[in-house]
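Since this is a predicted model, take the numbers as computed values, not measurements. Per chain, numbering begins at 1; letters A, B, ... match sequence-line order.
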Number of protein chains: 2
Amino acid sequence: MSRSVQPPQLDAFDRKILAILQRDNTTPQRTIGEAVNLSAPAVQRRIKRMTKEGVIQANAAIVDPMAIGQSVTIFVEVEVISETAAQIEEAKRAFASEPEIQQCYYVTGEADFILVIIVPTMGDYEALTRRLFFGNNNVKRFRTFVAMDRVKVGLNIPVEA
Amino acid sequence: MSRSVQPPQLDAFDRKILAILQRDNTTPQRTIGEAVNLSAPAVQRRIKRMTKEGVIQANAAIVDPMAIGQSVTIFVEVEVISETAAQIEEAKRAFASEPEIQQCYYVTGEADFILVIIVPTMGDYEALTRRLFFGNNNVKRFRTFVAMDRVKVGLNIPVEA
DNA sequence: CCCTCCGATGAAACAAACTTGCAAAACGGC
DNA sequence: GCCGTTTTGCAAGTTTGTTTCATCGGAGGG
């Protein structure tokens, strides 16, 4: 919920460690240490600090949706009618509270929000649209894109200097 | 690279384990075992199997882009001119090989591809568009959305029965 | 109906990784 | 140049992951 309050200082060691952990966070600290020229405990302390500071937000296994029987990935562009600060915040809260909404971005351009949704079936998506868009009179328009192929998936932030 | 060749059978144990690992893959196997009523070795074997089968695609730390100084998240809708199988595959390969392209989906709707891009600065994005879109004569049109706020981020596939 | 085979399981032993305490080194401010 | 702060590496202790092995239970065949 809370972002990093003060910009944490990340040195070259931290960045290299993050680059490794983003690729594979099961890498042993000893191996990381060898890669960055630091001892295992030093690596461990830095990881602990970055986790506490919120630089590392989570440690997650990435699962192939195809493996889980039916699951559909959908993109939605949402355009709202009124873009007052209060209503934008309200929309953010509404979107963020939906478990099916995997990612929600507030964007500039021809839309106001972009949502990434994963649901077991198209029927679940239809129910979600009913509840979320048709039931919300601040939604002007929304456009749906259904993923046929998940060509590439990741969330690796560029950390190199 | 290779998808799951044959749909792996996932039982209730596997699904519960995946649900936990998607939330936090640093959870000890013993703790997972208690949660699903299985011994630690059984959990370990299932994780190993699902990793080999590709159900678990990666184990990654999720990093807050805000913590890494400047970084911009951008959505791009790409519409291609010719949608032959060969050209679609070519585009998939081209997009997947770009490190800045975090996510690439082949979609139905008013666009053909949706890209999620993370770059340090807008200048890097401009350079990418030059190389990727203007240099590709199969790209009919692309629309850019710049993320002002990363309201929610995750990739949790629904695994509950 | 019983028997065998096969896969999965749990207990225990083992190996590897993580974590902590502590003294020394590096860095900065004065 | 001295001193306080911070970070480091080493070593010991603890937790976690991994392997081994005997056992259990179900499916198929005699």
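The side chain of B/Lys48 places an N or O atom within less than 4.0 Å of a non-bridging phosphate oxygen (OP1 or OP2) of D/dT19.
The interatomic distance linking A/Asn25 (CG) with D/dT16 (P) rounds to 16 Å, in whole Å. The distance from atom CD1 of B/Ile47 to atom P of D/dT16 is 14 Å, rounded to the nearest whole Å. Rounding to whole angstrom units, CG of residue B/Leu21 and P of D/dT16 are separated by 15 Å. The CD1-C1' distance, from A/Ile32 to D/dG9, rounds to 17 Å in whole Å.
Put simply, the side chain of B/Lys92 never gets that close to the backbone of A/Val151: no donor and acceptor are under 3.5 Å apart. Distance alone, capped at 3.5 Å, is enough to place a donor-acceptor pair between the B/Asn138 side chain and the B/Ser82 backbone. Between the B/Asn25 side chain and the B/Asn59 main chain, no donor and acceptor come within less than 3.5 Å of each other. Side chain of A/Gln22 to main chain of A/Ile157: a donor-acceptor pair is present (N/O by atom type, distance under 3.5 Å, no hydrogens or angles). Between the side chain of B/Lys140 and the backbone N or O of B/Glu79 there is no donor-acceptor pair closer than 3.5 Å. The backbone N or O of A/Ile88 sits nowhere less than 3.5 Å from a side-chain atom of A/Glu83 that would complete a donor-acceptor pair.
Note on the helix from C/dC1-D/dG30 to C/dC30-D/dG1: angle between the axes of the first and last five pairs equals 30°, rounded to 10 degrees.
In this view, B/Ser97 satisfies the side-chain contact (heavy atoms from CB on, under 4.5 Å) rule with no residue, not counting sequence neighbours. Partners of A/Phe13 under the ring-ring contact (aromatic ring centres under 6.0 Å, His included) rule, at least two apart in sequence or in another chain, do not exist in this structure.
The aromatic rings of A/Tyr106 and A/Phe113 sit tilted, their planes meeting at an angle between 30° and 60°.
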Can you give me the N/O atom pairs linking the protein to nucleotides 5-8 of chain D at distances under 3.5 Å, or say none if there are none?
from	atom 1	to	atom 2	distance (Å)
D/dT8	OP1	A/Arg46	NE	3.0
D/dT8	OP1	A/Arg46	NH2	2.4

What N/O pairs connect the protein and nucleotides 23-25 of chain C at under 3.5 Å? Give each pair on its own line.
none

Report all interatomic pairs (protein N or O, nucleotide N or O of nucleotides 14-18 of chain C) with separations under 3.5 Å.
from	atom 1	to	atom 2	distance (Å)
C/dC18	OP2	A/Gln29	N	2.8

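We find that B/Arg150 and B/Asp64 are not joined by a salt bridge, their nearest charged nitrogen and carboxylate oxygen being 4.0 Å or further apart. A salt bridge between A/Arg30 and A/Glu34 is present, with a side-chain N of the basic residue lying under 4.0 Å from a carboxylate O of the acidic one.
Using a 4.5 Å cut-off on side-chain heavy atoms (C-beta onward), B/Ile17 and B/Met50 make contact. Put simply, the side chain of A/Phe134 does not reach to within 4.5 Å of the side chain of A/Val139, judged on heavy atoms.
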